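Each remark here refers to the structure printed beneath this line.
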Amino acid sequence: MTFSAFALLKNAISGQTGWRPHWRKAEPKPHYDVIVIGGGGHGLATAYYLAKHYGVSNVAVLEKGWIGSGNAGRNTTIIRSNYLLSGNIPFYELSMKLWEGLEQDFNFNAMVSQRGVLNLYHSDAQRDAYVRRGNAMRLHGVDAELLSRDEVRRMAPYLDFDNARFPIQGGLLQRRGGTARHDAVVWGYARGADARGVDIIENCEVLGLRIEGGQVAGVETTRGVIGAKKVGMAVAGNASRVAAMAGLTLPIESYVLQAFVTEGIKPLVDGVITFGAGHFYISQSDKGGLVFGGDLDPFPSYAQRGSLATFTDVAECGMAMMPMLGRLKILRSWGGIMDMSMDGSPIIDRTPVDGLFLNAGWCYGGFKATPASGLTFAHLLATGDLHPAAMAYRLDRFASGTVIDEKGVGATPNLH
Ligand SMILES: Cc1cc2nc3c(=O)[nH]c(=O)nc-3n(C[C@H](O)[C@H](O)[C@H](O)COP(=O)(O)OP(=O)(O)OC[C@H]3O[C@@H](n4cnc5c(N)ncnc54)[C@H](O)[C@@H]3O)c2cc1C
């Protein structure tokens, strides 16, 4: 089933009765060429590109709950490629380019909206840092514009420009950044992978890894043993738990990140805006709710809900940037488990176990990476080689010292 103007019209006049499920409820087979653990955006994108670009379709995606029940369905949907370091920019720009053609590629409306991402600066030193980041981006062919205070004021007159502690001096804008509908991204990849023969198996938790003579042989699940000579882990906040099944310890700690949505209001915030003097970012959903978030809870946890103290901190940052927020009611909040790596950058690599591959360490920025993560992980699983755009995301960088620390805060995950 494909989406087209004709299909929409036909279903409109037939009472929407012609639509079919977008993926099958597949039963596990005894053996696959590749098993991907984790039915989030990254796992499903990996399966999609494995089948589409590498012709590997004897693939199962195993998900312990329903697809998109992890961070893929819990994030604040921001996409951007405004990075500083050369290990990161080409990867995130590849992702941005894939976002730009994604809906046509998988024939599904993922509501990709390039409404701009604006980072505010509040001091001369921060302006200089943003000038440097903008220059690095442009050197890599990525769009970046430094805006003056007046230019920011024209875009967002409702901000508190004269806040006594954090007056706004200007901003760094990436116009091609924006948002995408997170669960539609999951469904689009699932639908595209299923159509190419991939089995998407929900309610199937991986409980153990079968390793014979140093080579992966399959997985033990709540639905029995399933064999495969190649297994890819794409389980985000659960990466340490699944890696431990192979006796591996990862340079990753898991923390909760919360998100908040207000009651719906008329269109106000037409892009994404981030506060420069604290951790706070905001956008407006198509339904009108203001969607915002900030810091992690400051202690490791596997809970999918956060603490009130962190919410208070996020709300204070929001009020300093945009005082009118205080008039709105919060309708919903939730949390997701972040796979925080020790340098704030991801890992897409082999592991010491033959046939076992790792995709993790996305911290709180992995949604924007979904297309490039899927493509480069599929490349690794299919060919055994690192993809050129993900060369820097090696697991041994923590031993060799070639870390990719955008923020320069070292091995302190809650500061990345
Ligand atoms: C509140 C919040 C806001 C965020 N905002 C942004 C943002 O604005 N922009 C951005 O780029 N990123 C953002 N992120 C981060 C982003 O959501 C994640 O980095 C990204 O979604 C992780 O990849 P994933 O989608 O594959 O993970 P997930 O969706 O978490 O997928 C992993 C899946 O593995 C499954 N799983 C785990 N263990 C097992 C097992 N043993 N067996 C089988 N299945 C298992 C889980 O159920 C889960 O569905 C945010 C995250 C949160 C929580």
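Since we're looking at a predicted model, the values are computed, not measured. Counting starts at 1 for both ligands and their atoms, in listed order.
Ligand 1 has no atom lying under 4.0 Å from any heavy atom of G68. Heavy atoms of H182 stay at 4.0 angstrom or farther from ligand 1. Ligand 1 lies within reach of A234, whose nearest heavy atom is under 4.0 Å from it. Distances shorter than 4.0 angstrom occur between a heavy atom of C204 and an atom of ligand 1. Ligand 1 has at least one atom lying under 4.0 Å from a heavy atom of G365.
Aromatic rings from F108 and Y189 are positioned such that their centres are separated by 6.0 Å or more. Aromatic rings of F377 and Y49 (six-membered ring for Trp) have centroids beyond the 6.0 Å cut-off, not under it. Between Y255 and F299, the gap from one ring centroid to the other reaches at least 6.0 Å. Between H140 and Y83, the distance separating the two ring centers is not shorter than 6.0 angstrom. Here F3 and H22 bring their ring centres to under 6.0 angstrom of each other.
Atom 27 (O) of ligand 1 has as its closest protein heavy atom A236 CB, 3.4 Å. When hydrogens are left out, the protein atom nearest atom 31 (O) of ligand 1 is G40 CA, 3.3 Å; that is the closest non-hydrogen contact. Protein heavy atom in closest approach to atom 36 (N) of ligand 1: V235 CG1, 3.8 Å. Of the protein's heavy atoms, N71 N, 2.8 Å lies nearest to atom 30 (O) of ligand 1. Looking from atom 43 (C) of ligand 1 to the surrounding protein, the closest heavy atom is K64 N, 3.3 Å. For atom 13 (C) of ligand 1, the nearest protein heavy atom (residue, atom name, distance) is Y364 O, 3.0 Å.
Among Y281, F311, F280, the one residue that satisfies the ring pair (Phe, Tyr, Trp, His ring centres under 6.0 Å) test with F260 is F311. Evaluated for a side-chain hydrogen bond (donor to acceptor under 3.5 Å, both in side chains) with N135, the options R133, R132, R138 yield exactly one hit, R138.
Between I78 and ligand 1, at least one pair of N/O atoms sits closer than 3.5 Å. Distances between N or O atoms of G336 and those of ligand 1 include no value under 3.5 Å. Polar contact check, F367 against ligand 1: a nitrogen or oxygen pair lies under 3.5 Å apart. Looking at ligand 1, you'll find an N or O of T76 within less than 3.5 Å of one of its N or O atoms. Checked by distance only, ligand 1 and V206 come closer than 3.5 Å through their nitrogen or oxygen atoms. Taking only nitrogen or oxygen atoms, main chain and side chain alike, R74 does not reach within less than 3.5 Å of ligand 1. The shortest N or O to N or O distance between N75 and ligand 1 is below 3.5 Å.
Comment: K229 does not engage D354 in a salt bridge, judged by the lack of any side-chain N to carboxylate O separation of less than 4.0 angstrom. Salt bridge D143/R176: present, at least one basic N to carboxylate O contact under 4.0 Å. Under a 4.0 Å N-O distance rule, the pair R223/E27 qualifies as a salt bridge.
Every atom of ligand 1 is numbered from 1 in the order shown, and the set under 4.0 Å from a heavy atom of V242 is 41 (N). Within the listing of ligand 1, atoms 43 (C), 44 (N) sit less than 4.0 angstrom from a heavy atom of L62. Heavy-atom contacts of G41 reach the following atoms of ligand 1: 24 (P), 25 (O), 26 (O) (cutoff under 4.0 Å). Near G38, the atoms of ligand 1 lying under 4.0 angstrom from a non-hydrogen atom of the residue are 33 (C), 34 (O), 35 (C). Residue W362 has at least one heavy-atom neighbour below 4.0 Å for each of these atoms of ligand 1: 19 (O). Per-residue contacts place A72 under 4.0 angstrom from the following atoms of ligand 1 (heavy atoms of the residue considered): 21 (O), 25 (O), 28 (P), 29 (O). Which parts of ligand 1 touch Q258 is read off a 4.0 Å heavy-atom cut-off, strictly below it: atoms 1 (C). The T77 neighbourhood of ligand 1 comprises atoms 7 (C), 8 (O), with distances under 4.0 Å to a heavy atom of that residue.
Checking M245, E205, E63, H42 against atom 48 (C) of ligand 1, the nearest heavy atom belongs to E63. Around atom 51 (C) of ligand 1, the closest heavy atom drawn from M338, K368, R241 belongs to M338.
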- Item | Audit row: D343, K407, salt bridge (Lys or Arg N to Asp or Glu O under 4.0 Å) steps and yes/no | CA-CA 8 Å; D343 62 357; K407 287 198 172 172; over 6 Å; no
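In this structure, R80 is not positioned above the aromatic face of Y92 in the sense of NZ or CZ being under 6.0 Å from the six-membered ring centre and within 45° of the axis.
More than 12 heavy atoms of other shown residues, nucleotides or ligands fall within 6.0 angstrom of atom CH2 in W19. Remark: R332 CZ is loosely packed, at most 12 non-hydrogen atoms of other residues, nucleotides or ligands lying under 6.0 Å away.
Between the side chains of T370 and S373, no donor N or O sits under 3.5 Å from an acceptor N or O. Donor-acceptor pairing under 3.5 Å is recorded for the side chains of T179 and R115.
Summarising the geometry, atom CH2 belonging to W187 is positioned 7.0 Å from atom CH2 belonging to W23; distances are rounded to the nearest 0.5 Å.
Of all the heavy atoms of N238, the ones lying under 4.0 Å from any atom of ligand 1 belong exclusively to the side chain. At a heavy-atom distance under 4.0 Å, only side-chain atoms of I37, from C-beta outward, approach ligand 1.
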